[in-house]
Number of protein chains: 2
Amino acid sequence: MADGDTETRVTIRTVAADAGVSVAAVSKVMRNAYGVSDALRLKVEASIERLGYRPSVAARGMRGRTFTLGVLLVGIDNPFLPGIYQGIESVTESAGYKIMVGVGAARARTEVSLIEQMIDNRMDGLILVASQIAGETLEHFARQIPIVVVGHHEPAAQGYDTINNDDQMGARLAVQALIDRGYQDIAYLTQTDQDDHLADVAPQREIGYRTAILAANLAPRILALPQHGAPRDHQIHQMLTAPDRPRAIFCWSDLDAIPLLSEALRLGLRVPEDLALIGYDNSPMAGLAMINLTSVDQDGPRLGKLAAEAVFTRMNGRRVAEHILIEPTLIPRGSF
Amino acid sequence: MADGDTETRVTIRTVAADAGVSVAAVSKVMRNAYGVSDALRLKVEASIERLGYRPSVAARGMRGRTFTLGVLLVGIDNPFLPGIYQGIESVTESAGYKIMVGVGAARARTEVSLIEQMIDNRMDGLILVASQIAGETLEHFARQIPIVVVGHHEPAAQGYDTINNDDQMGARLAVQALIDRGYQDIAYLTQTDQDDHLADVAPQREIGYRTAILAANLAPRILALPQHGAPRDHQIHQMLTAPDRPRAIFCWSDLDAIPLLSEALRLGLRVPEDLALIGYDNSPMAGLAMINLTSVDQDGPRLGKLAAEAVFTRMNGRRVAEHILIEPTLIPRGSF
DNA sequence: CCCGTTTCGTGCACCGTTCTACGTAAATCA
DNA sequence: TGATTTACGTAGAACGGTGCACGAAACGGG
């Protein structure tokens, strides 16, 4: 135990003593609650300033609000998260709310434990980004804390809100663009599911893909990749060297499209002459000259902003669920 | 699970009542403190299991430990963070500690407020990654909470620890590799400073660059880029189209090397025939076939692991500062 | 001038833990 | 057997806030 720090913390009592008022009065000023005269407020604020007082979030959490939002991200390496985060931040900052981030490793168990941690830390609300947690588990947690989910489709959920881009539409945009350019042999590359519910974005995009392909009287064709590790690289290699390699691939995410592109170039394939490629998320990398990947943009900042706004209205008493779908756009580049 | 939906939270009292013991007894079991018989422990653990009890971190924080570590990251978009984070996580997980992440926008003011937030939330310790906060400010906070800093050189600091790769050495490795291949006109690309102290990694790498250049009787040449925005792209363009464009550039980070590479290719420059490039951080992207960027690797996971270990020993009473420097390695690829 | 309203400030009972100090029963020793 | 140690369990005071219930002024209308 590290002690020996004589720097004792400034508490609400210190402030009260310094200002010559009661503890309750200081608390009122902090929360700008009703029944505080200007004179009192001034006195207290002066003391707060002088002593550099900051309320303990932990103590606050025991009775009132913590003024902190929990944000759960799938990981830190995902290029579409920064946009969403920034969108959330833009809202919370002006509302005087703080953010605590939890990083789930895209494993449902880790994510559940992170949600519990957020609840235990008395966050006022929660935003889950691309969580893989099942709908009913979420309903369970939603009874304990306001929850908004981004990147997970659960349009019938009662207890929490969902904010998404229209993944089916995004997929149709991509596939249609390929069809318009004359491609016929178009495959969809998805991720091999761990817990995969229909609610995840990849299956949703698959639906959009199928719709567009079938509407054009073409044959759907589904490929899949595991998330990490050596088998993944191996499968990419095999996919590209197979005799029946598709002429065009729509990838569920840039996360897979870019390694695919990399391996294609390594194999001497020309893109798009030998292989056309479209990704999803329009990550910053996609725009680089040497990548130049056509991708579907889902406007992360807007998603984040909407999510933060939703969690605030829910915290303020809204009980009926909100399910928002925004329109994605195709960003055409040289890969098709 | 026979767990019905209880509206009220399961507290330590609920468990105590259910197990027919005192509150203190339950607390002892939770913290596996001294003086608990097997019979008692079993009874309590059964109740905990049955009721699904989880202690409130907020309440815990009021007296004892929260078993939570705060990790402050510069941003989420930085490709060298995932490695460090993973290293930290590997240690905390086995120690039964949780992590809360704060995302500073590389602005010192935001970062200070995040540190305060972590203290207010009663984290048991803090790891700052690539923070831009001045040394004396850190000393101030270090008196309130154990702090370990990664990616910031402050070898004389008393109150907190620093864990770094040897940035000067990394730079020398890169520059020497360029010299060995016969390049003479080698520039260093750094970031335009906002608050820049010598403690930041970019100035450290500049020292290494200068050392190696001067040792080879060459002339140092320093270029700089702002962090974001349109002026940045413009400056990259100008840098590459200038008549006196250097023959080789050592970039302080892949973060700048990759956009530079992108623009170079867009301008029709051949790499490395017209322009040689070496970056820093060996981010995952650097290994892609179409980027293929030589880069200095600083072994993020190891840095993270060391940082977590340091914060634990400090939490357990160590008072004397530790300053660790690990050796970086050059990962040669096609860009030079 | 009296009495009902406001307005403002305070005392105090929480919130859910931890942890010290203490009581009691069982075990060990002389 | 009585004295002393050891092991186990409990009561209750913190911790740093919030917010309800209450009382004392100040106000204002009849």
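In what follows, every chain begins at residue 1, and chains take the letters A, B, ... in the order their sequences are listed.
Side-chain N or O atoms of A:N164 include one that pairs as donor or acceptor with a backbone N or O of A:H152 at under 3.5 Å.
Counted by atom type alone, A:H323 and A:T162 present one or more donor-acceptor pairs between their side chains at under 3.5 Å. Side chain to side chain, A:R318 and A:T313 meet the donor-acceptor criterion of an N or O pair below 3.5 Å. A side-chain donor from one of B:S113 and A:K98 sits under 3.5 Å from a side-chain acceptor of the other. With hydrogens and angles left out, the side-chain atoms of B:S27 and B:R31 include a donor and acceptor closer than 3.5 Å. Side-chain contact of B:Y53 with B:D18: a donor-acceptor pair under 3.5 Å is absent, judged by distance alone.
More than 12 heavy atoms of other shown residues, nucleotides or ligands fall within 6.0 angstrom of atom CG in A:N316.
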Scoring nucleotides 8-15 of chain C by protein non-hydrogen atoms under 4.0 Å (B base, S sugar-phosphate only, - none) yields SBBB--BB
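The side chain of B:R65 places no N or O atom within less than 4.0 Å of a non-bridging phosphate oxygen (OP1 or OP2) of C:dT18.
Heavy atoms of B:S27 sit under 4.0 angstrom from at least one base atom.
Residues B:D124 and B:M315 come closest through the heavy atom pair O-CG, 3.4 Å.
With a heavy-atom cut-off of 4.0 Å to chain A, the contacted part of DNA chain D has its first and last nucleotide at D:dG16 to D:dG19.
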